[in-house]
Amino acid sequence: MSSKYFDNCLFYFVIITIYVSIGGYSTTTNRPNVILLVADDLGWGDVGYRSDQILTPNIDTLAADGIVLNRYYTSPVCSPSRGALLTGVHPVHSGLQNYVILTAAPWGLPLDIKTLPEYLKDYGYNTHAIGKWHLGFFKREYTPTYRGFDSHVGYWSGSGDYFDHTALENSYYWGLDFRHNMDLITNATGVYSTHYFTDRAVQVIREHNQSRPLFLYMAYQAVHGANSYARLQAPQRYIDKFSYIKSADRRVFAAMTYAMDESIGILVDALKQQHMLTNSVIVFVSDNGGPASGFTGNAASNWPLRGVKATLWEGGIRVPAFIWSPLLNKTGYTSDALIHVTDLMPTVLEAIGADQHNRYKLTKKYPIYGVSQWSTLSLNQTSGRSAIVHNVDPIWNVSAIRSGDWKLIQGLVFGNWSQWYPPFGHQIDTNIGADNNSLITPLLRQQRRHRSECAANRVLRQFNRFVDYKVLTENVNIDCGPKPTNASVNCRPDVEHCLFNITADPCEYNNLAQIYPKVVDQLWHQLVSFNTTAREPGTQPSDPVCDPALHDYAWSCWRH
């Protein structure tokens, strides 16, 4: 071979390499797989390591072997949190700051906001979504496969029946809501949605072309309430595992949670079988706080935090979360870093080695609110943020902000869901986890057995990762201290602003607004200033043209 020929080949190789590099697209196989697991309406007290009722051995195992995100905050309801998670844009800047996108409403996540799967496509990822969407579908351009996902199996609305996969809204709009991409799935009646989604996820993992990295967005239906005529649903064999729970509703809720946890174990095993696990990042979060004490017919628990889903009390926005990956430098600990749902996108982009100047674009119209927490977590450092604007909602006139130790809250929604709600069927009043109660001992033994036998633990042992569950007893539970007799009445945020030292008082017992009026003024000024950049809320009234009765009794893109 001539020297000239060799030089020409080398020249074109270098040119092609430069072209691929500057284009941001890479087919390198060493970028990590990203598995994003999102539970729906799972409360602070609805994971095994914070409950004497719930069994989540796979979640417990991955959390203990990874990093427990002990101060992870999200939005109070589904659509805002999912939009923030997939874009890094604060709901105030995407028009999602008011409420969920109703199934019959003609709007969605703005099309000119780039999504996480779209960013990942720039780096050669195959992207798949499974489960709940809830970011709009009145036009096909708003559906998952038009927003960066190669495929989607699941439902577009906010809730539905776990077995027949229909969605009911306003008590009269009713139809099938189950799709593979744009095509209806009509042969899944009777199949529990958690199982259907698990089978699909395993299929995606097994069929994945490993010359490219995988992004799998697994948005479970569990444990959101189903249609109003049957809110809580699970196969009987799961319900039977929780006969010790006195409340029938809480028993079914525990079964729904256990089925989701089992699914997570199956996914971890599938990743291991395909030799993908050692180069994966797994993130687990709940989209918002739990609908506790019968709120919307559900039986979640945020105990001992205050409030429920949809509120800006801690119970509505502080939720279970963890990250697990062999690529983290330090694991097996509880992080108290302040983390917001918008941080997930920048964190993932740093984890995959995205170019620092191409991770995301800052714009005046849609600024990225999130900050990367990858180095923070990998090195157990101080959080990259010291403040979170929880929300500013001009329609319902509610807002909240946390800055340092302080939290300011203003306004109320859905009446007075402002109390502290022990889980249904609790056996020992409100003293959850007390070691001196003999009733708990059998449950703790059962929890240990389930953890030792679960799929995640079995897989980790094969990699010589032996889980120390002690991390789940250290700093992951909240000590509220004594509850003042006036705790329920010393704060009326619908009347005047309330102020809490949320570090010293995580259960929001003591309103300090009268003692620190300057702090109240400072935080309120920050909220007002932040809201000057807000996008008008995108909420829209229901459109009768959506009626599934007009579309073969299926929810469809009714404005083509």
Side-chain angles (χ1 to χ4, degrees), residues 23-25 36 74-75 77-103 105-123 125 127-129 132-152 156-158 181-182 215 217 219 287 340-349 352 354-372 389 391-395 530-541 543 546 557-560:
Y25 179 87
L36 183 49
T74 184
S75 294
V77 287
C78 301
S79 298
S81 66
R82 291 164 195 274
L85 183 154
L86 289 175
T87 66
V89 174
H90 197 286
V92 163
H93 295 134
S94 64
L96 291 167
Q97 66 269 56
N98 173 236
Y99 191 47
V100 299
I101 299 171
L102 297 175
T103 310
W107 68 291
L109 178 71
L111 297 179
D112 52 355
I113 301 182
K114 192 171 182 178
T115 64
L116 176 57
E118 289 175 315
Y119 283 104
L120 294 177
K121 296 292 283 185
D122 292 342
Y123 292 91
Y125 275 76
T127 59
H128 299 277
K132 178 172 175 173
W133 179 237
H134 209 188
L135 289 172
F137 67 90
F138 73 107
K139 293 182 179 180
R140 63 177 60 240
E141 291 81 6
Y142 288 83
T143 60
T145 53
Y146 288 79
R147 303 307 302 266
F149 287 106
D150 295 327
S151 76
H152 171 242
W156 293 340
S157 64
N181 301 335
M182 302 301 295
F215 173 52
Y217 175 57
D287 66 338
H340 187 244
V341 57
T342 55
D343 297 343
L344 291 184
M345 189 190 80
T347 299
V348 166
L349 293 178
I352 70 164
D355 179 78
Q356 184 173 2
H357 301 291
N358 194 36
R359 287 180 190 162
Y360 41 84
K361 296 179 181 178
L362 295 174
T363 66
K364 291 183 179 179
K365 187 176 183 181
Y366 301 119
I368 299 296
Y369 186 72
V371 297
S372 175
V389 174
N391 200 24
V392 183
D393 178 0
I395 294 179
F530 187 81
N531 198 46
T532 61
T533 61
R535 178 187 175 97
E536 184 178 350
T539 181
Q540 296 287 332
D543 181 357
C546 79
C557 304
W558 69 91
R559 293 189 182 180
H560 301 292

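Every heavy atom of this structure was used, including side-chain atoms; hydrogens, water molecules and symmetry mates were not.
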So which heavy atom on R147 is nearest to which on Y142, and how close? CG-O, 3.8 Å
Are side-chain heavy atoms of M345 and V348 found at a separation under 4.5 Å? no
Consider only side-chain N and O atoms of T143 and H152, and report whether a donor and an acceptor are under 3.5 Å apart. no
Are H90 and Q97 side-chain neighbours, meaning at least one heavy-atom pair lies under 4.5 Å? no
Are Y119 and Y125 packed together at the side-chain level, in the sense that at least one heavy-atom pair is separated by less than 4.5 angstrom? no
Do D122 and K114 pass the side-chain contact (heavy atoms from CB on, under 4.5 Å) test, and can you show the C-alpha distance, the side-chain angles, and the key distance before you say yes or no? CA-CA 12 Å; D122 292 342; K114 192 171 182 178; 2.8 Å; yes
Students often mix this up, so state it plainly: with edges at 30° and 60°, are the rings of F138 and W558 parallel, tilted or perpendicular? tilted
Any chance you could lay out the side-chain contact (heavy atoms from CB on, under 4.5 Å) test for R559 and D543, step after step, and finish with the verdict? CA-CA 10 Å; R559 293 189 182 180; D543 181 357; 2.9 Å; yes
Return the set of residues passing side chain to side chain contact (heavy atoms under 4.5 Å, CB included) with N531 (not counting sequence neighbours), or none when no residue passes. V92, V392, A534
Mind checking whether I101 and W107 have side chains closer than 4.5 Å, heavy atoms only? yes
Which heavy atom of Y217 sits nearest to which heavy atom of L85, and what is that distance? CE1-CD2, 4.2 Å
Grab the two heavy atoms, one from L86 and one from P117, that are nearest each other, plus how far apart they are. CD2-CD, 4.4 Å
Is there side-chain contact between I395 and P537, with heavy atoms separated by less than 4.5 Å? yes
Y99 and V77: side-chain contact (heavy atoms from CB on, under 4.5 Å), yes or no, with the steps? CA-CA 7 Å; Y99 191 47; V77 287; 4.2 Å; yes
The criterion is side chain to side chain contact (heavy atoms under 4.5 Å, CB included); which residues satisfy it with S75, sequence neighbours excluded? P80, S81, P91
Which atom of Q540 lies closest to which atom of P106, heavy atoms considered: CB-CD, 3.9 Å
How are the rings of H93 and F530 set relative to one another: parallel (under 30°), tilted (30 to 60°) or perpendicular (over 60°)? tilted
4.5 Å side-chain heavy-atom contact, L120 and I352: yes
Here the pair of heavy atoms bringing G158 nearest to K132 is O-NZ, 2.8 Å
Under 30°, 30 to 60°, or over 60°: which ring-plane class applies to F137 and W156, parallel, tilted or perpendicular? tilted
For the residue pair D343 and G370, what are the closest heavy atoms and their distance? OD1-CA, 3.2 Å
Do R82 and L109 have side-chain heavy atoms sitting under 4.5 Å apart? no
Indicate whether the side chain of H128 and that of S151 have a donor and an acceptor atom separated by less than 3.5 Å. yes
I'd like to know whether T87 forms a side-chain contact (heavy atoms from CB on, under 4.5 Å) with T342, so could you lay out the CA-CA distance, the side-chain angles of the two residues, the decisive distance to 0.1 Å, and finally the verdict. CA-CA 7 Å; T87 66; T342 55; over 6 Å; no
